[in-house]
Novice: 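First, the structure itself, so that you have it in front of you.
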Amino acid sequence: MAKIIGEALPNIPWEEKPAGCKDVMWRYSANPIIRRDEQKNSNSIFNSAAVPFGDGYAGVFRCDDRARRMNLFAGFSKDGIHWEIEDEPLVFEGDGIPDEILKVQYRYDARVLKFDDRYFICWCNGYHGPTIGLGYTYDFKKFYQLENAFLPYNRNGVLFPRKINGKYVMLSRPSDTGHTAFGDIYLSESPDLVYWGRHRYVMGTSPFEESAWQCTKIGPGPAPIETDEGWLLFYHGVLTSCNGYVYSFGAALLDLDDPTKVLYRSRPYLISPQMDYECVGDVPNVTFPCAALTDAATGRIAIYYGCADTVTGLAFTKVDEVLDWLKKNSL
Ligand code: BMA
């Protein structure tokens, strides 16, 4: 049986699979867990990330305000389900960067991960177009910002939670200035979190005859989860329908020592927009995963995902179940 390599998390948000459910991933029955107006000035709260912190959880939330400005806010929770989100956006102090890079244009779709004694935050950062912002905190009070990882344009970046072969490693999805109609996943490495290079292709869209939910673009979701069989990556995929983009998500397993090697990749999606709160909102038909909590003791996985660019939902699976499914349903 596949095992998560990581810490136990006895209080992981969890609900057993409903009787009769045939899916490998199931939604929390009280979704959405975060309403669109739960924060002081928010129009919508979605595509957000959480990590275990202290005896509860901390997170970085995308709250678009009522001027529809996109920014990131810290939040705290005892149980990972009920959240208190701060009124004021994150303020980063520069770690070796000039004010020009610290200036906020827009910030969205954060991923958060624990790496040794630090929590890293990667987000889509406006700098003459979208690129990948990178920062860290020790305590979710003081935040430090590093150089942007890449040139514009790039919208989805996520750091691996440890070095691989002595290097920091990041997955990302290069894009364009608009609502990019393409997108593949690449891997880049860095000796110091400042200079990123050795860019390598990991995987791209699939032909629509083979797996249509991921035929327009794909991008990395939560930070990859280390298992004894490889890095478990949840990723989003987009289908272009006659009514616009449809965002679903699936899973892949990447080689532990060389994560450019894709061992398995799901043909079917795990979650696609089907519930009302996923189909109706500011951007209809979007399910967009940004964080995964794991409990190494039981193999439980809880995923936070944005729903219709409006609210935030939770979905559950178990590592052995999802890997078994992945092997039987690989492209
Ligand atoms: C992507 C990003 C996400 C968003 C999605 C659907 O390009 O902007 O933030 O959830 O589009 O609108």
Side-chain angles (χ1 to χ4, degrees), residues 31-36 39 42-50 59-65 68-73 89-90 104-112 121-127 129-133 150 152-158 171-186 204-205 213-222 234-241 243-250 269-275 277-292 303-315:
N31 269 357
I33 58 161
I34 304 173
R35 297 186 324 269
R36 64 183 305 161
Q39 192 246 8
S42 60
N43 163 79
S44 42
I45 309 176
F46 58 106
N47 300 2
S48 298
V60 175
F61 293 83
R62 168 175 177 177
C63 303
D64 293 5
D65 73 9
R68 300 297 296 266
R69 292 174 301 181
M70 305 177 277
N71 214 335
L72 302 177
F73 296 75
L90 294 190
V104 178
Q105 285 184 12
Y106 50 81
R107 308 190 288 204
Y108 60 83
D109 297 2
R111 277 55 164 190
V112 182
I121 304 152
C122 319
W123 69 93
C124 176
N125 194 30
Y127 178 74
T131 180
I132 302 304
F150 305 118
Y153 308 104
N154 200 314
R155 279 206 181 75
N156 290 273
V158 65
L171 294 173
S172 78
R173 189 199 79 185
S175 60
D176 66 14
T177 50
H179 299 287
T180 317
F182 61 89
D184 298 333
I185 299 178
Y186 289 81
T205 53
W213 68 268
Q214 48 186 330
C215 73
T216 298
K217 51 180 166 175
I218 59 169
F234 294 103
Y235 67 98
H236 67 259
V238 178
L239 162 96
T240 307
S241 77
N243 196 33
Y245 287 158
V246 177
Y247 281 73
S248 307
F249 62 94
Y269 57 72
L270 284 165
I271 296 275
S272 80
Q274 295 179 8
M275 306 301 279
Y277 56 87
E278 298 164 344
C279 299
V280 179
D282 287 350
V283 183
N285 305 320
V286 181
T287 53
F288 195 92
C290 283
I303 302 229
Y304 293 84
Y305 67 105
C307 307
D309 281 14
T310 305
V311 295
T312 304
L314 257 185

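Numbering of ligands and ligand atoms starts at 1, following listing order.
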Novice: For ligand 1, which atoms sit closer than 4.0 Å to a heavy atom of Asn47?
Specialist: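 Within the 4.0 Å cut-off of Asn47, ligand 1 contributes 3 (C), 4 (C), 9 (O), 10 (O).
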
Novice: For the side chain of Arg107 and the backbone of Gln105, is there at least one donor-acceptor N/O pair under 3.5 Å apart?
Specialist: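 Flag not set: sc Arg107 to bb Gln105 has no pair under 3.5 Å.
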
Novice: Looking at Tyr277, Phe46, Tyr247, which hits side-chain contact (heavy atoms from CB on, under 4.5 Å) with Cys307?
Specialist: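 Between Cys307 and the candidates, side-chain contact (heavy atoms from CB on, under 4.5 Å) is satisfied uniquely by Tyr277.
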
Novice: Starting from atom 1 (C) of ligand 1, what is the nearest protein heavy atom, named by residue and atom, and what distance separates them?
Specialist: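 The closest heavy atom on the protein side is Tyr247 OH, 3.3 Å.
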
Novice: Give a yes or no answer on whether the side chain of Asn154 reaches the backbone of Arg173 with a donor-acceptor pair at less than 3.5 Å.
Specialist: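 Flag set: sc Asn154 to bb Arg173 pair under 3.5 Å.
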
Novice: Answer whether the closest heavy-atom distance between the side chains of Pro32 and Thr312 falls below 4.5 Å.
Specialist: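 Heavy-atom side-chain distance check fails, nothing below 4.5 Å.
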
Novice: Of Phe288, Tyr108, Phe46, which has the heavy atom at the shortest distance from atom 8 (O) of ligand 1?
Specialist: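 Shortest heavy-atom distance from atom 8 (O) of ligand 1: Tyr108.
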
Novice: Measuring from atom 10 (O) of ligand 1, which candidate in Asp309, Val238, Asn156 has the nearest non-hydrogen atom?
Specialist: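 Result: the heavy atom closest to atom 10 (O) of ligand 1 is in Asp309.
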
Novice: Just which atoms of ligand 1 are under 4.0 Å from any heavy atom in Arg62?
Specialist: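 Atoms satisfying the 4.0 Å criterion: 9 (O).
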
Novice: Applying a 4.0 Å heavy-atom criterion (strictly less than), which segment of His179 is in contact with ligand 1: side chain, backbone, both, or neither?
Specialist: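 Contact part for His179 vs ligand 1: neither.
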
Novice: Please state which protein non-hydrogen atom is closest to atom 3 (C) of ligand 1 and give its distance, to 0.1 Å?
Specialist: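 Nearest neighbour among protein heavy atoms for atom 3 (C) of ligand 1, to 0.1 Å: Asp109 OD2, 3.1 Å.
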
Novice: Would Arg155 count as being in polar contact with ligand 1, using the rule that some N or O on each side must be under 3.5 angstrom apart?
Specialist: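 Not met; the criterion fails.
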
Novice: Indicate yes or no for a side-chain donor-acceptor contact from Thr131 to the backbone of Phe150 under 3.5 Å, with no hydrogens or angles considered.
Specialist: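 Yes, the answer is positive, given that a donor and an acceptor are paired below the 3.5 Å cut-off.
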
Novice: Got a second to check how far Asp109's CG is from Asn125's CG, nearest 0.5 Å?
Specialist: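 One gets 12.0 Å once the value is rounded to the nearest 0.5 Å.
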
